[in-house]
Structure formats: C-alpha cells, structure tokens
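Letters go in sequence order (proteins before strands), and every chain restarts at 1.
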Number of protein chains: 2
Amino acid sequence: MSKKISVAIVEDDKEISGFLQQIVSSQEDLELIGAFDSVESFAVKLPDMLPDVVLLDISLPGRSGLDFLPDAKKLSGSSQFLMCTVFDDEEKIFECLKRGATGYIVKSSSPELIVSAIRDIHAGGSPMSATIARKVVGAFSGVKESSELDSLTAREREILHLLDQGLRYKEIAEKIFLSVETVRTHIRNIYIKLQVQSRTEALNKLRPKKFFLF
Amino acid sequence: MSKKISVAIVEDDKEISGFLQQIVSSQEDLELIGAFDSVESFAVKLPDMLPDVVLLDISLPGRSGLDFLPDAKKLSGSSQFLMCTVFDDEEKIFECLKRGATGYIVKSSSPELIVSAIRDIHAGGSPMSATIARKVVGAFSGVKESSELDSLTAREREILHLLDQGLRYKEIAEKIFLSVETVRTHIRNIYIKLQVQSRTEALNKLRPKKFFLF
DNA sequence: ATCAAAATACTACTTACGGGTGATATACGA
DNA sequence: TCGTATATCACCCGTAAGTAGTATTTTGAT
C-alpha cells in the first residue's frame, strides 16, 4: 500500500474538531498529523508538517481561515486546502477559490462524504457540494451578450484573435498571407464596429471583467 | 413517487447512443423521451419535448453540440445540458460552461456515474469529473504564481494597471502626474522584468487567458 | 443577374510605442 | 556610510499603430 494521506485540521469548535479527528483517524489510508484551534497556532507548525490535506475552517476566532489561505499556500505549497464551513455563502466560496482553496465542504456532511472529499482533493479533484458546484459553474456562463463582438466577420475575428496574441501588423500579415495594408484595413473596421481607438481597448471588449475583479 | 426525470440523448455514434439509452431506460426515475443523431434533428423536436436533462455530445457531424448550446438554451430554457465527450479538452470545457452547460462527463464513465450525474444535474448540481472540477476551480485562483509579476514595484503595478485600461502614455502621465518620459521609463522596466516587448504581451501575462478564446 | 457585404490592397499622414543611453534624488538596508 | 533599489526626467531614433480616403475583386443572397 502506498503512503498515507497526511491530514491536518484547523477548527475552533471542540466538538466538530473531535468529530473530524475521529473520522480521519478511522481511515486506513488517512493519517492525522495535527489538530489546531486557531490559525496562529497552526501557522508555526505548518512548515514542518507539510500535510497533504488541510481541513480549514473558514470562520475562526482571531484570524480567519479565509485570510490565512494565501499565506498558508506560501508556507506549504504542496498542501491542498479543503475549506469547511457551516455556511453556503456564495461570496465566501469565491473568495476561498480565488485564494487558492481547491475544495469546499459543509460541516454537516456525512463522514463518508468527508473522507471521500479528502481522497478526492488529494487525487487532484476539487470536491464541492452540488449547490456549490452549480454556483461555480454558473459564474462562467452568462459571459456573453457582448453584442458588438457578434457584428464582426469571421476574418475580423481571426485578426482580432491574432492581435490578442500580441502580434504586430506585419506578423499578422505574414501569418495569414495578406498585405499589411489589408490587415490595417480590417483592424480599422474592427475598431469602428467595437467603437474603440486602440488594440488594448478592443481586446478589453473580449474580456468579461467579472473574473478579474475579485 | 414524484415525476420521472425526462431525458433526451443527442449522440451520433449508434453504439454509444444505444448504451446511453439502455442506461437511462433501466432506471425507475428516468424516462427516455428521445434519442437523436444530430443537432439538426434534435432542434426541431426540442421545443415540444422540453426534456429535463439533455445528454449532448460535443463533437457531432454537421453542427456541433458546442455550437448548438446557446440556441438550445433558448429553445428550452428549463433543460439542463449535460455534455458528453471522449476528450478531456480544457478549452472545450470552458467553452461549454460559458455557453450554459451545467455538467460535463466523459463517455467512458460507468453506468452508475452517468445516472448519478443525471440525477445530480437535475437536482441542481453540476456533475464533473475530478480533473475537470479542479480545472474549473483552478481558473478562479488564477493559478498564476507568475513570479514575474511579483517582481514589479508598486509604481510599476500601478502603471501596468493603467496600461490595461487602454490608456496611452500621455494619458497615464496626466493621470498620475508624471512626465511621459518617466512613464516610458517605468514601462521599459516592466517589459524587462516580464520579459516582453509590447503592451499586449505584458497584459497577457496578467491573464489566465483560458476563458477568452473564440 | 444584380446588389450588398466582405475581403483585398494602395497612398499618405500623424501619433504612439519601444529601444538605447544617461542623469539626478531619495530611501532603505548591510 | 556605502551601495542598491526606486522613482523621476530627458533626448534621440526608428518602427508600429491608428486615421483618412479610395478602389478592386470575391462572394452570397435575392
């Protein structure tokens, strides 16, 4: 059998922490290497432990698990962080994900679900509850209605795409066998349709800022 | 017992289609209401069927399932679209999600996994394989660690951000009360640190680019 | 067959951008 | 205190980019 999956728990509620410890300890392939009740006490040990998986409570007294995430990633880049929470708060989910958590479970989950989440996250997956998964996926959709972009012809889209790669007019011309003047003409038309005056502005119309604002 | 989940299948491969039909038919709570081998034949029936769940092949002869997605959502807004594919192609996954698919499975999945995915998507979840889930989640964390960006000073970041807005050197200079020459100097240093030769290349280093391909 | 849209290409002009080189002042840490 | 990092500004130069006007050919739809 291969090496056990090392697990650390950071959870202030004694009862829940005990519950989690018990679950982890009961599994043959999991090894509990530490349990902490605060981010502060966990932080000093983390660099020595380098756990495979960390069960991290989002809302902790003192510094929250949410705040700690980016630092935790630095202290132990190889660890996967599985956030635990009682809430199903959309804002918090995205906060966690953008800060580097790769899984998200609710504390009320069954022991079976929790252990499978630990195995899943360690195996390269991203365990989430059904509703959370849907929210995450939902964030991707509805990125359309760009309207202006629809008015571009196939050729114009192609050229815009090449502009996005950072190619110069000359390089674009060579790539698709056009004269530089023709490229220039197409770009002029693109700018008119998108109502912009520069490459960067045009490119920004391609990008739903949604993802970059967080 | 509550109403059955109505399922439609769009898949050109006879064998796979038959396999899927068999799986759906074998379940008490699922009801197969149609199987099609092309988007075209499916499209005309969709408005009358209004299936709860559609198993949609991504790559189909003629019009692809990927292309069809936005229209399908219009024809039947209440349906959930579960994409089926042989590939695990990252580009395609994000394209599907952007276009409104809410689940993504590989055809080689076990019958149990397929039926649970159907139930999951109908119950409001977003079934995905472990690796796909990780990719989706990774998209949020801006899995960058691009280290290069970390080497920029506060001033350089500020200017890079303004470059991103599409401002010209002159406009940047006016905005933060510098001479154009100073702006130019900062930008030159940014380019050196990021190892690029143009604004667009620099900006592309800021972006997880996965989302914005055509 | 005809008209419109799209793709191609040119001339000419102005401004923006990027590279090279050098300089000064300030702040911070070894 | 000395050096390094940062921030500021300047001049020169050549190319890239954007604007304007025009024109030919190809393609698609009516």
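A/Q80 and A/T102 share a donor-acceptor pair across their side chains, judged by distance under 3.5 Å alone. Side-chain contact of A/T182 with A/S179: a donor-acceptor pair under 3.5 Å is present, judged by distance alone. With 3.5 Å as the limit, one finds a donor-acceptor pair spanning the side chains of B/Q21 and B/S17.
The phosphate of D/dT19 has neither OP1 nor OP2 within less than 4.0 Å of any side-chain N or O from A/Y191. For B/T182 and D/dT8, the shortest distance from a side-chain N or O to OP1 or OP2 is not below 4.0 Å. For the OP1/OP2 pair of C/dC17 and a distance below 4.0 Å, the side-chain nitrogens and oxygens of B/R199 include at least one atom meeting the criterion. Between A/Y169 and D/dT15 there is no side-chain polar atom (N or O) within less than 4.0 angstrom of OP1 or OP2. Note on B/T153: every side-chain N or O is 4.0 Å or more away from OP1 and OP2 of D/dA5. Taking side-chain N and O atoms only, B/R168 has no distance below 4.0 Å to OP1 or OP2 of D/dA17.
The side chain of B/E181 approaches D/dA10 more closely than any other nucleotide in the set D/dA10, D/dG18, C/dC17. Of all nucleotides listed (D/dT19, C/dT8, C/dG20), C/dT8 comes nearest to the side chain of A/T185. Here the side chain of B/R155 is nearest to one of C/dG19, D/dT19, D/dT8, namely D/dT8.
Checked by atom type and distance alone, the side chain of A/Q165 never pairs as donor or acceptor with a backbone atom of A/L167 at under 3.5 Å. A side-chain donor-acceptor contact under 3.5 Å links A/R134 to the backbone of B/I121. In terms of modelled atom types and a separation under 3.5 Å, the side chain of B/K193 and the main chain of B/S151 share a donor-acceptor contact. In this structure, the side chain of A/R199 does not engage the main chain of B/T200 through any donor-acceptor pair within 3.5 Å.
Per the geometry, CG belonging to B/L163 stands 14 Å off P belonging to C/dA16, to the nearest Å. Distance CZ (A/R157) to C1' (C/dA7): 16 Å, rounded to an integer number of Å. The separation between A/Q197 atom CD and C/dA16 atom P is 12 Å, rounded to whole Å. Nucleotide D/dA17 holds its C1' atom 15 Å from the CD1 atom of A/I192, rounded to whole Å. Distance CD1 (B/I187) to C1' (D/dC9): 14 Å, rounded to an integer number of Å. When rounded to the nearest whole Å, the span between CZ of B/R184 and P of D/dA10 equals 12 Å. For A/H186 and D/dA17, the NE2 to C1' distance is 17 Å, given to the nearest whole Å. What separates CG of A/L152 from P of C/dA7 is a distance of 10 Å, to the nearest Å.
Projected onto DNA chain C by closest heavy-atom contact, B/R188 and B/S198 fall at different nucleotides, the more 5' of which corresponds to B/S198.
Contacts between residues 171-180 of chain B and DNA chain D, defined by a heavy-atom separation under 4.0 Å, are made by B/L178, B/S179.
In this structure, the side chains of A/I9 and A/F36 stay at 4.5 Å or more apart for every pair of heavy atoms.
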